[in-house]
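Each remark here refers to the structure printed beneath this line.
By convention in this document, chain letters (A, B, ...) are assigned in the order of the sequence lines, proteins followed by strands, and residues within each chain are numbered from 1.
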There are 2 protein chains.
Amino acid sequence: MNSRKRATIYDVAKELGISPSYVSKALNNHPSVGDLIRRRVKEKADQLNYKHNSHAANLRRGQSRTIGVVVPHINQSFFSDAISGIEEVCFARNHSLVICQSHESYEKEGKAIETLIHQNVDCILISNAEETISAHHLRQANKNKIPVIQFDRCLDDFDSFKVVNDNKAVSYEAVRSLIREGYRNIAFLGGPSRVKTFQERKEGFIAAIDEANLPIPYNFIVENALSRERGRQAAMPLLKLPNRPDAIFSVSDYQSLGVMDAAAVLGISIPSDLGLFGFADETFAQLVTPSLSTIDQHSVELGRKAAELYFQHIYQQEQMPETETIVIASEMRIRQSSRRQ
Amino acid sequence: MNSRKRATIYDVAKELGISPSYVSKALNNHPSVGDLIRRRVKEKADQLNYKHNSHAANLRRGQSRTIGVVVPHINQSFFSDAISGIEEVCFARNHSLVICQSHESYEKEGKAIETLIHQNVDCILISNAEETISAHHLRQANKNKIPVIQFDRCLDDFDSFKVVNDNKAVSYEAVRSLIREGYRNIAFLGGPSRVKTFQERKEGFIAAIDEANLPIPYNFIVENALSRERGRQAAMPLLKLPNRPDAIFSVSDYQSLGVMDAAAVLGISIPSDLGLFGFADETFAQLVTPSLSTIDQHSVELGRKAAELYFQHIYQQEQMPETETIVIASEMRIRQSSRRQ
DNA sequence: GTAAATTTTTCAATCGGTTGCATAAAATGA
DNA sequence: TCATTTTATGCAACCGATTGAAAAATTTAC
């Protein structure tokens, strides 16, 4: 107990005068171990302050009961909520979680995947970085027998389970709601166009414009302007045009913040001169003035679903999963920024 | 290469006609391996898509080159920023990170520690949950030869390295700034009083009141009201009093949000009728209206320091560290909510 | 009371690297 | 050329838990 090293099943076995393997079975509730012994073993283990060594077990088992998660930033509510959902499911299944941030960098994302491979995680759940252009790292994981499930930001050319929002549909609805409020010159601020998520949001935007028989405002479509800063930079020239847009549909709340910054500088008031719609329902969306209309992605549910996918389709059966895409319905949160009165 | 299992050093060794141990040494840049062989081994390893198995290495080595982090919530900027700092240092030292959330629950915190012990992390960096009343789980870690470093929310009765802000000093300054603005009836909304962090913030509050020769407003001191909801619940009765406070010093931005909620309901306007100071400089602090005066805890730096402490004092030498407390200076961000004009 | 069936317990191999020590090979020196 | 030093390579034990098969102990059946 006071030795320099941690107690092992060998220590527990010796104390009890039984074999280590028997101790292992007792601790794992193996059916061939009776109640009495099981109880006695567990007691003694406690007494010796024995703690299971996952590394040893994982090495032997060849699986780690650990799920790796890679997201761009853990402090954006969409991702931290999704992680909460994942955590919940994993916890119930007695699996642990390793969370990595890519900070939107492809290089860091690759390193994260590498680490997760080394740790021999049983599955990788990933929402890709903005920078990510190739699925090389994901293929790398697959080559090492680790299944990958993509959520939210998915690469189209990598076959895997995917869990996404109804991006097109909800974007369509959001833009329709702008049109309903009387906005006619609606601009679109997008994300990296290679990421399907943002593609779809654009498609929804175009569909709504089209349906309302408005001309598609090609010069009002800016891609790859995801952060607050880049949102501001993208909005600024648009809002300086003589025939500037009277509303902006934006694919992220942070981006919308940038639009608000630009509008403030130019003295354009929201929502009267400029309607604004964001995406993600970050904490601050309801707190800014005017409060930001946005889209609640039901991210906890989305994360939960992604994790469940692993347990239901991959964990159970041996065969590699077929590709499949799960769609989580999202919901508009209409607030002041898109209400022209 | 197409076998069902991942390549190991044995596979690499066989292909090259050398021994596995030699491969291991080559891959680890052991000095007794020449350049030529080293290069050849690494090439072949790549070719076979060999990936190091951390579990095997960790088992043998008895250490995991992994640091465990436990925080209440990953989506509060203070914590996610601190994690960024920790990540940065660990990355530079080639260590990986396991991040756990306690969701402010003592039970979950205990489970997290348990998991980290099983994973045999080399060190645990923790900011305690609101609920945490005992250091039993931290002692548990120590018993299992895992050093613990506390940051921000520290338990006083557990000896360890601690990295904290100058809570008392900055709180004192913040309250002084309220007094300077002419506020005289200042209330205090606190966190769980057993957590030293919040104790100190209260002490700073009292010191400033005292120094200004104002009476200590014992009936205006509410403890344990950390969340937005509880902040609102705590503020409501205070603000309904006939001689209600004319300012509130609050120990968290979320709590301040609750105060704003209450003030809005009661038609009390900030900052003219009520001054407000928060703590943490969350993203939303500068976005709300009026913008929230708060305290930037320099949390990235704080996290960095906590991680460095491990590498400098524990990782290097064998002996257990002496207790020591590092103080990170924080900084006021005075905005509208505390400016009476 | 003994054979058969069943339950309890142990054996021994295994997972994949790591590492100190031994050995082999090469380089150096006289 | 042979002894000596230096450098390169391999051996084998080890980390701690798991697991199927074998052995031992117990129960059941006749």
From CA spacing to verdict: side chain to side chain contact (heavy atoms under 4.5 Å, CB included), B/Arg153, B/Thr132: CA-CA 10 Å; B/Arg153 304 236 205 116; B/Thr132 298; over 6 Å; no
Worked check of side chain to side chain contact (heavy atoms under 4.5 Å, CB included) between B/Ser127 and B/Val70: CA-CA 6 Å; B/Ser127 189; B/Val70 187; over 6 Å; no
Helical stems, DNA chain D - three or more consecutive Watson-Crick or G-U wobble pairs below 3.5 Å: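 DNA chain D forms these stems: C:1-30 with D:1-30.
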Audit row: B/Asn144, A/Asn49, side chain to side chain contact (heavy atoms under 4.5 Å, CB included) steps and yes/no: CA-CA 8 Å; B/Asn144 288 278; A/Asn49 198 31; 3.3 Å; yes
What is the distance from [atom1] of [X] to [atom2] of [N], rounded to the nearest Å?
{"X": "A/Ile18", "N": "D/dA17", "atom1": "CD1", "atom2": "P", "answer": "13 Å"}
{"X": "B/Ile117", "N": "D/dG16", "atom1": "CD1", "atom2": "P", "answer": "16 Å"}
{"X": "B/Gln119", "N": "D/dG16", "atom1": "CD", "atom2": "C1'", "answer": "16 Å"}

Using the test salt bridge (charged side-chain N to carboxylate O under 4.0 Å, His left out), find all partners of [X] that sit at least two apart in sequence or belong to another chain.
{"X": "A/Lys111", "value": "A/Glu107"}
{"X": "A/Arg61", "value": "none"}
{"X": "A/Lys108", "value": "none"}
{"X": "B/Glu114", "value": "A/Lys51"}

A/Asn29 and A/Lys42 side chains, donor-acceptor separation under 3.5 Å: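 The answer is yes; a qualifying pair exists.
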What pairs of nitrogen or oxygen atoms, one from the protein and one from nucleotides 24-26 of chain D, lie under 3.5 Å apart?
none

For DNA chain D, the residues among residues 32-44 of chain A that have a non-hydrogen atom under 4.0 Å from it: none
Student check: side-chain heavy atoms of A/Ile74 and A/Ile99 closer than 4.5 Å: yes
Qualifying residues under side chain to side chain contact (heavy atoms under 4.5 Å, CB included), relative to B/Pro20, sequence neighbours excluded: B/Ile9, B/Tyr10, B/Ala13
Salt bridge (Lys or Arg N to Asp or Glu O under 4.0 Å) contacts touching residues 67-89 of chain A (sequence neighbours left out):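 Salt bridge (Lys or Arg N to Asp or Glu O under 4.0 Å) check on residues 67-89 of chain A returns A/Glu88-A/Arg304.
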Summary of protein contacts for nucleotides 16-25 of chain C, nucleotide by nucleotide, where a base hit scores B, a sugar-phosphate-only hit scores S (4.0 Å, heavy atoms): BBBBBB----
Ring pair (Phe, Tyr, Trp, His ring centres under 6.0 Å) contacts touching residues 65-100 of chain A (sequence neighbours left out): A/His73-A/His103, A/His95-A/Phe311, A/His95-A/Tyr315
Residue list, ring pair (Phe, Tyr, Trp, His ring centres under 6.0 Å) with B/Tyr106, at least two apart or on another chain: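 Result, ring pair (Phe, Tyr, Trp, His ring centres under 6.0 Å) vs B/Tyr106: B/His137.
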